[in-house]
Amino acid sequence: FHEDVKARGVLIVVEGLDRAGKTVQCQLLLEALQQRGHHVKYIKFPGNTTMKVCLGWVLKHACSDRNSLTGKIINGYLQGQAQQDDHSIHLLFSANRWEAAQRIRSDLSNGITIIVDRYSYSGAVYSAAKENPDLSLEWAWQPEVGLPRPDLLLFLSISAEETAKRGGYGEERYETNAMQSKVRHLFDRLLSMNHGHDIHLIDARFPVDQVAKDILNSTLGHLSERKPLETFAKLR
Ligand code: Z5A
């Protein structure tokens, strides 16, 4: 491999249902990797205007796209303040990732490892879960084709029933048991279609510290990978 490929950072995506513990785990992984001397950044999708406070940790690491045009529209939609056609909002979520894609590429090539809290997988399954007959999982995946493909996908595996026990759902439009169950089913389907992908299923039912250890173990083996960055392909 060329020298620039050797030096690049690693793209790590953390996915899962609402309340699976993604943000808590991203924080812990960020800290663990930084303590080991890695240069690491955190990005959350959708990048929007909501500041999420998690165990007292304000997401100061979140990328500047939080205030992007798409981020603002998406935030209003998620809060129920604005209606959008299913296809239109889907494409805006995808555009929100495309807005960040060049930055992700350039950070990786500068040796920065990036931890991403939700990505294209959430994008496809939340839209397909609406069961709009014209919005299949395959249709929903299509705008993601060409985006940077993660080197490692950590899927926090837990059922909708178990996440519901972690506290009442809030005001966002997708926070219902029925929606989360459909989302879980679609995540399973999507992950099974992404052949050749490095996916680690992490049992997210365990206490936070145990989950963090499993995630770190899964991640450490990948930090020495130096293959060229790939992009998402069509679903097979
Ligand atoms: N969406 C979409 O439609 N299209 C897209 O392209 C994208 C997203 C990217 C974003 O909501 C919504 O947008 C989301 C998908 C959709 N749908 N919904 N609903 P958001 O930004 O508000 O949601 P989020 O930030 O991603 O948060 P979350 O999913 O609700 O939570 P989380 O990050 O997975 O969990 P957490 O904040 O780390 O922890 C949640 C609680 O559980 C907290 O009280 C923790 O203390 C507790 N917790 C965490 N881990 C544990 C363990 N191991 N045991 C016990 N308790 C735990």
Side-chain angles (χ1 to χ4, degrees), residues 13-30 42-59 62-63 65-66 68 70-71 73-80 84 86-100 115-130 132 135 137 140-144 147 154-160 162-184 186-187 190 202-215 232:
V13 167
V14 179
E15 279 280 11
L17 296 183
D18 283 47
R19 288 185 179 63
K22 297 179 295 300
T23 305
V24 170
Q25 294 301 333
C26 285
Q27 173 202 355
L28 294 172
L29 182 60
L30 180 90
Y42 167 87
I43 301 177
K44 174 175 168 54
F45 290 109
N48 60 35
T49 53
T50 306
M51 283 301 281
K52 181 173 173 183
V53 179
C54 177
L55 296 178
W57 188 60
V58 180
L59 296 178
C63 66
D65 298 313
R66 295 177 82 83
S68 73
T70 55
I73 299 171
I74 291 167
N75 195 43
Y77 172 78
L78 285 172
Q79 301 298 328
Q84 293 279 341
D86 291 343
H87 304 81
S88 168
I89 191 68
H90 176 75
L91 294 171
L92 285 173
F93 272 112
S94 184
N96 188 246
R97 282 182 283 282
W98 280 101
E99 282 174 347
I115 301 172
V116 186
D117 188 343
R118 289 198 192 273
Y119 195 49
S120 304
Y121 312 90
S122 282
V125 301
Y126 278 83
S127 290
K130 292 173 178 172
N132 181 323
L135 210 171
L137 191 60
W141 183 257
Q142 195 55 35
E144 308 304 312
L147 279 173
L154 300 162
F155 184 77
L156 302 193
S157 179
I158 189 165
S159 69
E162 280 159 317
T163 56
K165 290 182 202 153
R166 292 186 175 171
Y169 287 122
E171 300 299 314
E172 286 194 357
R173 64 173 69 224
Y174 299 148
E175 294 184 338
T176 65
N177 278 344
M179 179 71 176
Q180 294 298 316
S181 297
K182 282 186 220 161
V183 163
R184 175 64 219 240
L186 284 160
F187 263 131
L190 180 60
I202 304 288
D203 192 335
R205 295 169 302 172
F206 291 125
V208 170
D209 289 355
Q210 176 65 51
V211 178
K213 262 188 214 159
D214 292 347
I215 286 182
F232 281 131

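Counting convention: from 1, in listed order, for ligands and their atoms alike. In what follows, every heavy atom counts, from backbone to side chain, and hydrogens, waters and symmetry copies are set aside.
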Query raised in the report: Is the Y126 ring parallel, tilted or perpendicular to the F187 ring (thresholds 30°, 60°)?
Result: perpendicular

Query - K22 side chain to L17 backbone, donor-acceptor under 3.5 Å - result: yes

Query - Candidate with minimal heavy-atom separation from atom 40 (C) of ligand 1, of R19, M179, K130 - result: R19

Query raised in the report: Can you tell me how far the CD1 atom of I115 sits from the CG atom of L154, to the nearest 0.5 Å?
Result: 9.0 Å

Report summary line: Counting from 1 in the order shown, the ligand 1 atoms closer than 4.0 Å to a non-hydrogen atom of V208 are 50 (N), 51 (C), 52 (C), 53 (N)

Requested in this report: Could you tell me how the ring of F232 sits relative to the ring of W141: parallel (under 30°), tilted (30 to 60°) or perpendicular (over 60°)?
Outcome: perpendicular

Query raised in the report: Are Y174 and D18 side-chain neighbours, meaning at least one heavy-atom pair lies under 4.5 Å?
Result: no

Requested in this report: Name all residues meeting the side chain to side chain contact (heavy atoms under 4.5 Å, CB included) criterion together with Q84; count only those two or more places apart in sequence or in a different chain, and write none if there are none.
Outcome: I73, Y77, S88, I89, L92

Requested in this report: Number the atoms of ligand 1 from 1 as they appear, then name those within less than 4.0 Å of a heavy atom of P46, with their elements.
Outcome: 8 (C), 9 (C), 10 (C)

Query raised in the report: Looking at ligand 1, does N96 have a heavy atom less than 4.0 Å from it?
Result: no

Query raised in the report: Are any of the N/O atoms in V211 less than 3.5 Å from those in ligand 1?
Result: no

Query raised in the report: side chain to side chain contact (heavy atoms under 4.5 Å, CB included) with A212: which residues, sequence neighbours excluded?
Result: Q25, L28

Query raised in the report: Considering only heavy atoms from C-beta outward, does the side chain of I202 approach that of L156 to under 4.5 Å?
Result: yes

Query raised in the report: Can you find a non-hydrogen atom of A20 under 4.0 Å from ligand 1?
Result: yes

**Report entry** E99 and T70: side chain donor to acceptor below 3.5 Å
**Finding:** yes

**Report entry** Close-contact set for ligand 1 against G123 heavy atoms, below 4.0 Å
**Finding:** 4 (N), 5 (C), 6 (O)

Report summary line: Quick note on ligand 1: atoms under 4.0 Å from a heavy atom of V24 include exactly 38 (O)

Query raised in the report: Quick one: which of Q25, R118, E162 has a heavy atom closest to atom 14 (C) of ligand 1?
Result: R118

Query raised in the report: Which is it for L17 and ligand 1 at heavy atoms under 4.0 Å: side chain, backbone, both or neither?
Result: backbone

Requested in this report: Please verify whether a non-hydrogen atom of R97 lies at under 4.0 Å from ligand 1.
Outcome: yes

Query raised in the report: Does ligand 1 have an atom that lies less than 4.0 angstrom from a heavy atom of K44?
Result: yes

Requested in this report: Using modelled atom types only, decide if a donor and an acceptor are shared between the side chain of R166 and the backbone of A20 within a distance under 3.5 Å.
Outcome: yes

Query raised in the report: With a cut-off of 4.0 Å, which atoms of ligand 1 are near a heavy atom of F45?
Result: 9 (C)

Report summary line: The atoms of ligand 1 lying under 4.0 Å from a heavy atom of P207, numbered in the order shown, are 53 (N)

Query - Option set Q210, Q180, K22, R166, criterion heavy-atom distance to atom 29 (O) of ligand 1, minimum - result: K22

